[in-house]
Protein chains: 2
Amino acid sequence: MRSALRDEPVSVLDRILAILDTVRESHGTTTITQLALATGIPKSTVSRLVGDLIRQRYLTRAEDGVVIGLRLFELGARASTPRRLSIAALPVLAELFNATGEHLNVAVQEGRDMLSVISVRGRLRPVPSRAGVRVPSATTALGKAVLAFTSDESILASVMAGLDPQRRHMLERELATVRTESVAVDRCETFPGVVGVASPVLSPERLPVAAISVAGPVTNMDANRMMPLVRHAALALTHRLALQVA
Amino acid sequence: MRSALRDEPVSVLDRILAILDTVRESHGTTTITQLALATGIPKSTVSRLVGDLIRQRYLTRAEDGVVIGLRLFELGARASTPRRLSIAALPVLAELFNATGEHLNVAVQEGRDMLSVISVRGRLRPVPSRAGVRVPSATTALGKAVLAFTSDESILASVMAGLDPQRRHMLERELATVRTESVAVDRCETFPGVVGVASPVLSPERLPVAAISVAGPVTNMDANRMMPLVRHAALALTHRLALQVA
DNA sequence: TGCCATGGTCCCACTCACTGGAACATCGGC
DNA sequence: GCCGATGTTCCAGTGAGTGGGACCATGGCA
């Protein structure tokens, strides 16, 4: 990992990860040429690296290009945080789903975004978020629930930096409310017609480890009814996680 | 990717993938030293590579070692085959679950193993297979359903090579039955007390793309009742996949 | 308190694995 | 048959990666 100057990767590892991420970002399939353009790596080098990755099943050839392969699926399925959370959250989500019937999510902070780790389909169509997708921190209920309790000032600052002063002020006031209420709301800020209600899951040190949310159509989901349910679910998950470690 | 002779990886890519796979295989956490021993890569090199992978969030440091990180989870969630299958299989699985209430799996062939791609929990405890885990081809219903229709003679041969002559003969006869019945059964061969019933999902060219299975306790699940249900589900999935491409 | 064992990181001269430009295939489309 | 676009292969040159060893934690033990 020599020069990470500029954004041109030079180490093999950087390049491999750049290729994998580019394949991921290109929803659907990508070609070698597109990868070379997007990453700035010469075409012959991309061809060789992709060839190796395909041989190892980390990538696969589809009809019209390259896609993520089964080995990465296998690796991803063993990821530590999602597994731990899943085990602890499953009964909690089952209860919450029985009470609401709505779309549920458990997400963790990943850089300045929230990354959905578990997703339960409710009646909402199309499904706004699935496990493994990123949603913005500044507008989603999940994001606000975590931001309100985050200790990493730099992340909070960089999220704030992306907002104009007015919205920033509003978000700051909102986060203060979240800190007392333990519930955050997203009224069609991220997805039109979709309301989200989320509550943070904290570690014993009161640092945010995740958030749990309910999302439904603005037309006929009562956010106020959801708040105590989500808060209760988040507390239950917090409790179960504390037990799990021991 | 120079010499893949012996099993000592020399290319950076080989080494990175060897490290990732070793972390995956070590259920739980691994240390740098353990990784160096398992992969045959010098400790200083492992330290550097793991450091880079952690910086990129492909791995994460846990209390007692290194575990799979969130970026790999994100990549895995975008894997092509599991996504396509999930979209097509969800309604089919819902129907099958309503009819049975048992543990369901959709799996694909991955080398000589079957890799579970979707898993629905039934009443069975402990859950024998989850999404992202490998199960043997020779003994599971899923494996037999696919092996019976596989065109890759080398895989069939290498699975057979792992069996003693008597078992090999039995499996061959079993596969012949599967070819006519489109249903394979695993009577406690893989997991004690667990019966599995599976049916293959074929491409328009009649090549196996996946298999779908029901698993339940040998004590009170009626395999014969499951057979038509599983067969019907597999046909429905086959049909939906054929439509999806178009 | 000192000592050893264990696990992890860092340094830096050497060298071989990786690079990438260019030539070569391959596939339509007109 | 020509052209453009995409993917693969070749190979000499070289700098990215290597790894032995020094160094820095811990922590158990006497």
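Residue numbers begin at 1 in each chain, while the letters A, B, ... track the order of the sequences. Just the heavy atoms: all of them, side chains too, but no hydrogens, waters or symmetry mates, feed the values below.
Using modelled atom types, one side-chain atom of Thr140(A) and one backbone atom of Pro136(A) make a donor-acceptor pair closer than 3.5 Å. With hydrogens and angles disregarded, no donor-acceptor distance shorter than 3.5 Å links the side chain of Arg130(B) to the backbone of Ser119(B). A donor-acceptor contact shorter than 3.5 Å is absent between the side chain of Ser47(B) and the backbone of Lys43(B). In this structure, the side chain of Arg71(A) engages the main chain of Gln56(A) through a donor-acceptor pair within 3.5 Å. Counting only distance, with no hydrogens or angles, the side chain of Ser137(B) and the backbone of Arg112(B) share a donor-acceptor pair below 3.5 Å.
Atom C1' of nucleotide dG15(D) and atom CG of Asp14(A) are separated by 16 Å, given to the nearest angstrom. Per the geometry, CG belonging to Leu49(B) stands 10 Å off P belonging to dG19(D), to the nearest Å. Atoms CG (Leu59(A)) and C1' (dG7(D)) sit 15 Å apart, rounded to a whole Å. Spacing between atom CD1 of Ile54(A) and atom P of dG7(D) amounts to 10 Å, rounded to whole angstrom units. Separating the CG atom of Leu35(A) from the P atom of dT6(D) is a distance of 12 Å, rounded to the nearest angstrom. As rounded to whole Å, 14 Å separates atom C1' of dG7(D) from atom CG of Leu37(A). Counting to the nearest Å, the C1' atom of dC27(C) and the CG atom of Asp64(A) are 15 Å from each other.
Remark: Ser44(A) is not in phosphate contact with dG21(C), judged by side-chain N or O atoms under 4.0 Å from OP1 or OP2. At dT19(C), one or more side-chain N or O atoms of Arg48(A) fall inside 4.0 Å of OP1 or OP2 (strictly under the cut-off). Remark: Arg15(B) is not in phosphate contact with dC18(C), judged by side-chain N or O atoms under 4.0 Å from OP1 or OP2.
Within 6.0 Å of atom CZ in Arg134(A), more than 12 heavy atoms from other residues, nucleotides or ligands are found, so the atom counts as buried in its surroundings.
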Pairwise N/O distances under 3.5 Å, protein to nucleotides 25-28 of chain D:
none

Please tabulate the protein-to-nucleotide N/O contacts below 3.5 Å involving nucleotides 5-8 of chain C, giving atom names and distances.
residue: dG8(C); atom: OP1; partner: Ile32(B); partner atom: N; Å: 3.3
residue: dG8(C); atom: OP2; partner: Ile32(B); partner atom: N; Å: 3.1
residue: dG8(C); atom: OP2; partner: Thr33(B); partner atom: N; Å: 2.8
residue: dG8(C); atom: OP2; partner: Thr33(B); partner atom: OG1; Å: 2.7
residue: dG8(C); atom: N7; partner: Lys43(B); partner atom: NZ; Å: 2.8

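Put simply, CD on Gln109(B) and CG on Leu70(A) are 11.0 Å apart, with the number rounded to the nearest 0.5 Å.
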Which side-chain N or O atoms in residues 153-163 of chain B pair as donor and acceptor under 3.5 Å with protein atoms at least two apart or in another chain?
residue: Ser154(B); atom: OG; partner: Asp152(B); partner atom: OD1; Å: 2.6
residue: Ser158(B); atom: OG; partner: Ile155(B); partner atom: O; Å: 3.2

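Using modelled atom types, one finds no donor on one side chain facing an acceptor on the other under 3.5 Å when comparing Ser182(A) with Ser199(A).
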